[in-house]
Number of protein chains: 2
Amino acid sequence: MKRPRIVKDLILENTGALTPAERLLADALLSDYPVAGLQSITRLAEAAGVSTPTVVRLARKLGFEGFSEFQDTLREEASAQFKQPMLKRERWPENRGDSPAFRDFAEAAFNNLNRTIERLDPATFDDIAALLSDTARPVYLIGGRITRSNADYLFNHLQIVRPNVTLLSQSSNVWPQYLLDMDERSVLVVFDIRRYERDMATLAALTKERGARIVLFTDQWGSPIGKHADHVVNAMVEVPSSWDSTLAINLIAEALIAEVQTRRWDEARERIEQLEDLFQSTRTFRRLP
Amino acid sequence: MKRPRIVKDLILENTGALTPAERLLADALLSDYPVAGLQSITRLAEAAGVSTPTVVRLARKLGFEGFSEFQDTLREEASAQFKQPMLKRERWPENRGDSPAFRDFAEAAFNNLNRTIERLDPATFDDIAALLSDTARPVYLIGGRITRSNADYLFNHLQIVRPNVTLLSQSSNVWPQYLLDMDERSVLVVFDIRRYERDMATLAALTKERGARIVLFTDQWGSPIGKHADHVVNAMVEVPSSWDSTLAINLIAEALIAEVQTRRWDEARERIEQLEDLFQSTRTFRRLP
DNA sequence: GGCAACCTGTAAAGATCGTTTCAGAGTAAC
DNA sequence: GTTACTCTGAAACGATCTTTACAGGTTGCC
């Protein structure tokens with residue numbers, strides 16, 4: 001397997017052509033590679049026991065413009081090393097006519113999902129699953145202009161798995177009516193990504209005052225609702241588009257649905273069976289494949 | 001096994017206490033951790049889109065004397081990481097308390113996305129994008145019981161990018177009214193995954209009779225509507241859950257939105273700007289981060 | 001609607017850095 | 001012993017960086 005040629009190789013290949021002081025420096029670099037090279041030139045020189053011009057000279061000898069360029073290269077290498085995702089996009093098949101735009105979009109989406117999972121605290125996921133599994137707690141959901149579909153998706157599935165789930169209307173003027181019913185047992189699930197919506201922040205504040213728990217799905221920067229929320233899920237949303245991607249939010253939502261269903265399996269199965277019967281009688285649906 | 005507390009944890013723990021600009025910065029740091037923090041403060045600030053004092057302030061907020069000390073800590077961490085053998089840096093870090101169920105779910109979801117992209121013919125994607133970009137063609141969208149959120153999502157974005165987009169109501173008894181307006185220029189986008197819905201099949205047949213184009217988003221097995229559809233996207237939907245995952249459908253939908261927007265960029269931008277102004281006048285939204 | 005508190009960037013100061021210059025030390029050849 | 005050459009670091013330089021001070025802008029509260 002081919003490893004990309006990195007600065008380390010450059011140094012090793014040129015050991016023969018190095019002067020004594022340069023070798024001291026090369027040794028210092030390799031013994032704490034690549035981080036040693038990411039300090040200031042002064043500190044690196046001191047650590048290696050040489051002078052700063054020696055450092056510049058070595059950088060030049062390796063083919064760089066100066067120490068700065070040498071360091072930039074090192075930094076890029078380090079960055080690439082750290083960026084190994086846990087779940088990978090498979091290799092793109094050769095000779096596919098995919099537009100580069102599509103590829104970029106897919107890559108970005110995979111990245112977002114990875115980083116979202118990475119950033120998600122397992123305890124947070126557990127806590128949210130526990131809240132949503134507790135049927136003694138009525139659940140209310142609300143989404144914003146863009147995220148209303150996400151709210152709807154979670155609502156749609158939660159409603160099948162458990163009772164007492166309500167999707168709040170889009171129009172804020174009817175929210176007070178829902179607020180009336182919320183108390184410290186209630187759970188409000190809010191979806192709010194950038195272009196954070198004032199109305200929802202107000203709703204969250206009022207909900208909190210009534211003692212309800214708040215679960216927030218937001219972007220990497222975080223909606224101001226975070227101040228009131230008990231549990232926050234930060235999803236990465238940036239893609240090469242004018243719009244944000246809510247794919248990562250959906251992933252977590254779907255995983256939550258699966259988890260909640262598992263936790264209350266017996267009750268859920270009964271509900272689902274009843275639902276099956278109801279659909280059966282309406283003949284609206286075709287048989288399962 | 002406990003992982004030593006590192007700066008990353010410090011940032012994550014304090015996200016709640018961060019100001020908007022600081023969050024931008026935190027995101028930049030986390031998105032290329034830890035190497036992003038090893039640049040000069042100027043470059044880091046630029047990359048994050050904030051000013052240098054903001055960087056200093058964040059470093060202080062995290063408990064460091066200043067940026068330099070912050071960076072030194074980061075460098076030590078990076079050095080320690082690199083000194084560990086490669087094998088130790090596992091994909092799914094052992095120390096994460098994720099439930100195995102969550103891990104399985106995530107892996108299945110990634111698999112679905114990979115296989116969906118693999119199976120998607122680039123020409124199909126192109127054709128659909130072309131259809132949706134053509135404003136001479138009115139677009140109608142309809143989703144099923146589960147996929148209605150996906151239809152809504154696509155509708156929501158398409159409506160911003162172009163005129164003449166309609167989301168059909170859930171209740172089939174009003175569909176005939178929409179049918180009246182459909183002709184050979186029209187495009188019907190149908191979302192139908194298993195437990196394929198009879199009513200939608202009927203709707204698709206009737207639509208086809210009127211000469212309209214039909215785009216179908218379905219699962220790996222294929223809805224019977226495929227018979228009438230001009231373009232079919234097969235998304236993999238199986239996950240370890242009683243429910244199907246529509247994540248792959250969403251990925252393609254999002255990519256389509258981006259593509260359509262690119263194709264009619266000039267017109268789309270104008271629409272978006274107008275929309276911005278409209279939102280500006282209602283003070284419902286907060287400033288962009 | 002007005003006031004206080006907070007947030008954030010501009011600009012300037014002072015520190016550090018990267019680079020260059022230059023002179024001295026070392027070495028090999030004759 | 002002299003000469004020519006290479007190697008090396010001290011010192012000085014502008015450039016860049018980190019930090020600080022300050023002021024404009026926004027938000028939240030009464």
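FYI, side chains are in, hydrogens and waters are out, and symmetry mates aren't considered; it's all heavy atoms of this structure.
Here D/dT8 presents its C1' atom at 12 Å from NZ of A/Lys61, a figure rounded to the nearest Å. In this structure, NZ of A/Lys227 is placed 12 Å from C1' of C/dC7, rounded to the nearest angstrom. Protein atom CD of A/Gln71 is 6 Å distant from nucleotide atom P of C/dG18, rounded to whole Å. Atom CD of A/Glu69 and atom C1' of D/dA15 are 17 Å apart (whole Å). Taking atom CZ on A/Phe67 and atom C1' on D/dT16, their separation rounds to 14 Å, with Å as the unit.
For B/Arg264, there are no salt bridge (charged side-chain N to carboxylate O under 4.0 Å, His left out) partners, not counting sequence neighbours. Checked against side chain to side chain contact (heavy atoms under 4.5 Å, CB included), A/Ala108 has the following partners two or more places apart in sequence or in another chain: A/Val239, A/Pro240. Applying the side chain to side chain donor-acceptor pair (under 3.5 Å) test to A/Arg213 and every residue at least two apart in sequence or in another chain returns nothing. Scanning for salt bridge (charged side-chain N to carboxylate O under 4.0 Å, His left out) contacts around A/Arg89 gives an empty result, with sequence neighbours left out. Here B/Phe64 pairs with B/Phe70 under the ring-ring contact (aromatic ring centres under 6.0 Å, His included) rule; sequence neighbours left out. Under the side chain to side chain contact (heavy atoms under 4.5 Å, CB included) criterion, A/Asn114 pairs with A/Pro85, A/Met86, A/Leu87, B/Phe110, sequence neighbours left out. Residues forming a side chain to side chain contact (heavy atoms under 4.5 Å, CB included) with A/Asp126 (at least two apart in sequence, or on another chain): A/Arg263.
For the residue pair A/Thr218/A/Asp192, the side-chain donor-acceptor check at 3.5 Å is not satisfied. When only modelled atom types and interatomic distance are considered, A/Glu118 and B/Tyr33 share no side-chain donor-acceptor pair under 3.5 Å.
Residue pairs meeting the ring pair (Phe, Tyr, Trp, His ring centres under 6.0 Å) criterion with at least one partner in residues 225-255 of chain A, sequence neighbours excluded, are A/Trp243-B/His157.
Of the residues in residues 43-60 of chain A, those with a non-hydrogen atom less than 4.0 angstrom from any atom of DNA chain C are A/Thr52, A/Pro53, A/Val56, A/Arg60. Applying a 4.0 Å cut-off to non-hydrogen atoms, the residues of residues 21-42 of chain A that approach DNA chain D are A/Ala21, listed by residue number.
Axis angle between the ends of the helix from C/dG1-D/dC30 to C/dC30-D/dG1, five pairs each and rounded to 10 degrees, works out to 20°.
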Side chains of residues 45-59 of chain B: which donor-acceptor pairs under 3.5 Å do they make with residues two or more places apart or in other chains?
residue	atom	partner	partner atom	Å
B/Ser51	OG	B/Thr54	OG1	3.3

